[in-house]
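Data block below; observations after.
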Amino acid sequence: MATKYGVGATKRDNSTIPSLIEQGEHRGRVRCEYDEYTLTAALTQNDVIKLMKLPAGARVHNVYVYFHALDASAGTIDLGWEANSVDAADADGFMDALAVTSAGAQDMQGDKPTRPGVFKSFSPLGGETQISATVTHSGGLDATSGSLKVAVYYHLD
């Protein structure tokens, strides 16, 4: 029977000179950024809703979205991030083509656990990262009321 070590355990226990475990990788506190948008008019394709900004160095654990019925037929949105000075933009990094035709809630890992945003670590040198939602349906969203609520859980320290 062999004993195996994770990356952090290797740095701590199996290095000739013990390496420091990166900030936020050991006993980090989970934090939450929350934002919401209330529709006052129908949205068109490629409309962008800017939401919260994550601090430099944030490592995302999960993203939760709650929404009212925002389209009668085939409305979808993407949820991701805009570029900072180091990290490239990924408009659907958290959720891709999320159907918003009826009220619902979804979390990133339950939606598509292979999304690039799962445990995404933003560079500590990149500055804040803007989180945004983009209307992707070619017909836009026909609802003129309702809301989109987003919570991003991450650790930093």
Side-chain angles (χ1 to χ4, degrees), residues 6-8 21-157:
V7 173
I21 296 173
E22 293 178 37
Q23 179 179 346
E25 304 263 328
H26 182 65
R27 295 189 184 126
R29 290 178 286 196
V30 175
R31 299 167 187 225
C32 179
E33 289 286 339
Y34 172 85
D35 204 350
E36 63 184 85
Y37 176 79
T38 301
L39 279 74
T40 57
L43 299 175
T44 61
Q45 183 180 21
N46 298 323
D47 278 354
V48 174
I49 302 167
K50 291 187 181 272
L51 299 163
M52 71 286 286
K53 287 187 177 184
L54 296 182
R59 179 182 292 272
V60 175
H61 289 266
N62 209 345
V63 177
Y64 295 88
V65 178
Y66 167 83
F67 46 89
H68 290 105
L70 303 178
D71 191 66
S73 60
T76 57
I77 60 169
D78 286 351
L79 187 64
W81 58 87
E82 298 176 13
N84 59 36
S85 65
V86 174
D87 299 289
D90 192 338
D92 62 359
F94 296 134
M95 293 186 190
D96 178 29
L98 181 64
V100 293
T101 55
S102 60
Q106 184 66 57
D107 74 301
M108 172 180 60
Q109 293 186 13
D111 175 48
K112 294 178 183 154
T114 58
R115 298 298 319 147
V118 175
F119 294 116
K120 166 72 175 156
S121 182
F122 291 99
S123 171
L125 305 175
E128 291 183 316
T129 302
Q130 175 70 58
I131 305 304
S132 59
T134 305
V135 177
T136 53
H137 177 57
S138 61
L141 303 178
D142 58 16
T144 56
S145 64
S147 62
L148 175 72
K149 300 176 182 185
V150 178
V152 178
Y153 288 84
Y154 66 96
H155 75 254
L156 187 60
D157 55 351

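Because the structure is a prediction, the values reported are computed rather than measured.
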When rounded to the nearest 0.5 Å, the distance separating CE of Met52 from OG1 of Thr129 is 12.5 Å
> Are the side chain of Asp71 and the backbone of Asp142 linked by a donor-acceptor contact shorter than 3.5 Å?
Replying inline: yes
Could you tell me whether a side-chain N or O of Ser85 sits under 3.5 Å from a main-chain N or O of Gly126, the two making a donor and an acceptor?
yes
Requested in this report: Dump the intermediate steps for salt bridge (Lys or Arg N to Asp or Glu O under 4.0 Å) on Asp87 and Lys120, then the final yes or no.
Outcome: CA-CA 10 Å; Asp87 299 289; Lys120 166 72 175 156; 3.4 Å; yes
Rounded to the nearest 0.5 Å, the CZ atom of Phe122 sits from the OH atom of Tyr154 at a distance of 11.5 Å
Closest non-hydrogen atoms of Thr134 and Ala91, given as atom of the first, atom of the second and distance, are OG1-CB, 4.5 Å
dist Ile131:CD1 -> Asp35:CG (nearest 0.5 Å) comes out at 10.5 Å
Taking every heavy atom of Thr101 against every heavy atom of Ala69, the minimum-distance pair comes out as O-CB, 3.6 Å
Take Phe67 and Leu98 through the side-chain contact (heavy atoms from CB on, under 4.5 Å) test and state the conclusion after the steps.
-> CA-CA 10 Å; Phe67 46 89; Leu98 181 64; 3.9 Å; yes
Interatomic distance, CE@Met108 vs CG@Asn62, rounded to 0.5 Å, equals 5.0 Å
Here the pair of heavy atoms bringing Ser138 nearest to Gln45 is CA-OE1, 3.3 Å
Smallest heavy-atom separation, Leu51 atom then Gln130 atom, equals O-NE2, 2.9 Å
message: Test your reading of the model: is there a side-chain donor-acceptor pair from Trp81 to the backbone of Lys53, 3.5 Å cut-off?
response: no
For this session: Decide yes or no on side-chain contact (heavy atoms from CB on, under 4.5 Å) for Thr44 and Val135, but give the supporting numbers first.
Result: CA-CA 7 Å; Thr44 61; Val135 177; over 6 Å; no
For Leu54 and Val60, the nearest pair of non-hydrogen atoms, with its separation, is CD1-CG2, 3.8 Å
If we only count heavy atoms from C-beta on, is the His61 to Phe119 side-chain gap below 4.5 Å? yes
| Asp96 side-chain N/O to Asp78 backbone N/O, donor-acceptor pair under 3.5 Å | no
Are any of the side-chain heavy atoms of Leu148 and Val65 separated by less than 4.5 Å? yes
Taken to the nearest 0.5 Å, the spacing of Asp47 CG from Thr136 OG1 works out to 11.5 Å
Item to check | Donor-acceptor pair between Ser147 and His68 side chains, under 3.5 angstrom | outcome: yes
One should read off an interatomic distance between Leu43 CG and Tyr37 OH, to the nearest 0.5 angstrom, of 5.0 Å
Here the pair of heavy atoms bringing His137 nearest to Ser73 is NE2-OG, 4.4 Å
Salt-bridge contact Asp92-Arg115 (side-chain N to carboxylate O under 4.0 Å):
yes
